[in-house]
Amino acid sequence: MAAPKKGRSASAQSKPGRSLAFILIAIVALTGGMFASGHTTPRLGIDLAGGTSITLKAKADQGSAVNKANMDTAVDIMNRRVNGLGVSEAEVQTQGTDNIIVNIPRGTNSKEAQQQVGTTAKLYFRPVLASEPSGVTPSPSPSGSPTGGSSPKPGASPSPGASSSQKASSSSSSSPSTTSPTASATTQGRAVTDALKAGSSPSPSATPTGGSSPQPTPTPSGSADTAKLQAEYAALDCSKADDRAKAGNKAKPSDPTIACGKVGKNYYKYVLGPAAVDGTEVKKAQAVFDTQGASGWQVQMTFTSKGAKKFADITGQLAKNQTPQNEFGIVLDGEVVSSPYVSQAITGGQAEISGSFTQQDAQSLANMLSYGALPLSFQEQSVTTVTAALGGEQLHAGLLAGAIGLALVVIYLVVYYRGLSLVAMASLVVSAILTYVIMSLLGPTIGFALNLPAVCGAIVAIGITADSFIVYFERIRDEIREGRSLRPAVERAWPRARRTVLVSDFVSFLAAAVLFIVTVGKVQGFAFTLGLTTVLDVVVVFLFTKPLMTLLARRKFFANGHKWSGLDPKSLGGKPPLRRTRRPAGPAAGPVDPKEA
């Protein structure tokens, strides 16, 4: 009989401590990362934490295709909407190629979110009455800044024109951008007060405002509204999420309002006049690259006939004002996404916004202008509401089911495998620790949420993991039944068991991968967990179970086949020990008796 191959198996047999040390170091490192990140528990899904889950299906009926770019734009806008409602833990993510899942934990504002999440956005062009940085100490602006005492204005997310001013001009005009005068920081407070008073009139004042020009005298009721708006503007801190969510909340298009915008990492607050142009009056918007001038990427807009007249009127009035009141804010769902200035009336129904746009910034702003935020329309497929109490009951039931299943597996292992059950239970503990730690880390990393189907996947994985141990143990017992001692039996059984374990786990992983790809919603949680635990099963069997079995084979309790070890040759019906003979080397070696193995 041919001698067993040496090399890799012999090395693994002689140095099993390396594998055990490696997996121990990996567990310590992952656990340390979990505590360092502050996420020490897995992130719970809607069905366990309670809340509302809305499934939306995209439809290409607005002249645009259902593709990744449009879906990503819709996800970004929906995320801003639901979190603007005060739902700080809301999630919006794509599922498949044409579905969007909106998860709103704990039912906060779920009814309002359901009404707004898939509807057409509210987009308005409002004149800017005042603006300044918010949440930071304002620094003097360079002479070319378009705003009084503030930095350049925000654009689309991320804000276009974050490094320089944006200008709106007629697309048929090639007049160069002109710099605007800068108001000093000391006069800004008075200019804001005058702008608020001017904002109570039906339209923005055409008179340049610097704090000294006469303003319309408001009526008593208008004075009260102006004082209220001024107080709200003074108290507004756009660097705070709660203030941004409440800024201009439920403001009517015909009334002045306050709003927030963002440039890079800095926020700005605005006082905006009544809406002059509705976003529905933008017929088309597109991002183009100016190959003949130095403008770079710009956004070209085409208005409807009604919108063209309104836009010409408002830009004609704004062009007569000083900064920042020669700007108009493009307001999407209460947020200023861009605030270009104008130097002349824009007629003809076409205009362009130029500045320091990147291609992505220009395309994002063009999408918002062209589609009224959402590039696609969406049909509500399903709405699932789970109370927090019900979610807690489901989690308790799932954990109880897992504990019962684990207890039954342990009882079976102890009764049938006796001492070997210690190896199996230790391997299950290692697998459970790795699964828990990785799930906790995947929550903040990729947004993984542990839902009820995912818990079911983890319970199913207990059986898959135990099956791998059983395959290996039975191979070892088969070798002992053939008359071999434990140490060679452990090594001879491993290659056969390894192939079986790999094939079995590959089939399970393939099924999980197919299920994850072809399904949407919560079923993907089951598939993801099943796939993850299957991969961890391979890691644990190779780096923990096999090396640990190699070490235990050197202990007398297992090596001598104690009756409680689970490897007693008599209990297994083993044959007498095989005789070992050495073949003499060289040509003098005679034929070997075929009965000798």
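The structure displayed is predicted, hence computed values, not measured ones.
Remark: W297 CH2 to D290 CG distance equals 11.0 Å, nearest 0.5 Å. The distance from atom OG of S131 to atom CD of Q325, rounded to the nearest 0.5 Å, is 9.5 Å. To the nearest 0.5 Å, atom CG of residue N99 and atom CD of residue Q379 are 10.5 Å apart. Atom CZ in F35 sits 6.0 Å away from atom OG1 in T40 (nearest 0.5 Å). Here the CG atom belonging to D237 is positioned 10.5 Å from the OH atom belonging to Y267, to the nearest 0.5 angstrom. To the nearest 0.5 Å, atom CG of residue D255 and atom CG of residue L272 are 12.5 Å apart.
Here the side chains of M301 and I353 are in contact, with some heavy-atom distance below 4.5 Å. Residues R126 and T257 form a side-chain contact, since some pair of their non-hydrogen atoms from C-beta on lies under 4.5 Å apart. Using a 4.5 Å heavy-atom threshold, the side chains of V66 and T97 count as separate. Counting heavy atoms from C-beta on, the side chains of V288 and Q298 come closer than 4.5 Å. Put simply, the side chain of C260 reaches to within 4.5 Å of the side chain of L236, judged on heavy atoms.
When every heavy atom of A247 is checked against every heavy atom of A259, the shortest pair comes out as CB-CA, 4.3 Å. Here the closest heavy-atom approach between residue P256 and residue L229 is recorded as CB-CD2, 3.9 Å. The two residues A345 and A312 come nearest to each other via the heavy atoms CB-O, 4.2 Å. When every heavy atom of V277 is checked against every heavy atom of E281, the shortest pair comes out as CG1-OE1, 3.4 Å. Nearest heavy atoms, H39 versus S440: O-CB, 3.6 Å. Nearest heavy-atom pair across L450 and P42 is CD2-CB, 4.2 Å.
In the displayed structure, F289 atom CZ is contacted under 6.0 Å by more than 12 heavy atoms of other residues, nucleotides or ligands.
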For this session: Before giving the answer on side chain to side chain contact (heavy atoms under 4.5 Å, CB included), spell out for Y436 and M34 the whole-Å C-alpha distance, their side-chain angles and the decisive distance to 0.1 Å.
Result: CA-CA 10 Å; Y436 181 87; M34 179 184 70; 4.2 Å; yes
Problem set entry | Stepwise side chain to side chain contact (heavy atoms under 4.5 Å, CB included) check, V331 with Y270 | CA-CA 11 Å; V331 186; Y270 296 82; over 6 Å; no
For this session: Output, in order, the C-alpha distance, side-chain angles, deciding distance and verdict of side chain to side chain contact (heavy atoms under 4.5 Å, CB included) for D278 and Y124.
Result: CA-CA 5 Å; D278 194 288; Y124 299 108; 3.2 Å; yes
For this session: Would you please test V336 and Y268 for side chain to side chain contact (heavy atoms under 4.5 Å, CB included) and show each step?
Result: CA-CA 9 Å; V336 177; Y268 293 78; over 6 Å; no
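Between the T315 side chain and the I346 main chain, a donor and an acceptor come within less than 3.5 Å of each other. Distance alone, capped at 3.5 Å, places no donor-acceptor pair between the N326 side chain and the S343 backbone. Remark: side-chain polar atoms of Q524 are paired, donor with acceptor, to backbone N or O of F516 under 3.5 angstrom.
Under the 30°/60° scheme for interplanar angles, the aromatic rings of F311 and F125 are found to stand perpendicular.
Classification of K68 and D72 as a salt-bridged pair holds, one side-chain N sitting under 4.0 Å from a carboxylate O.
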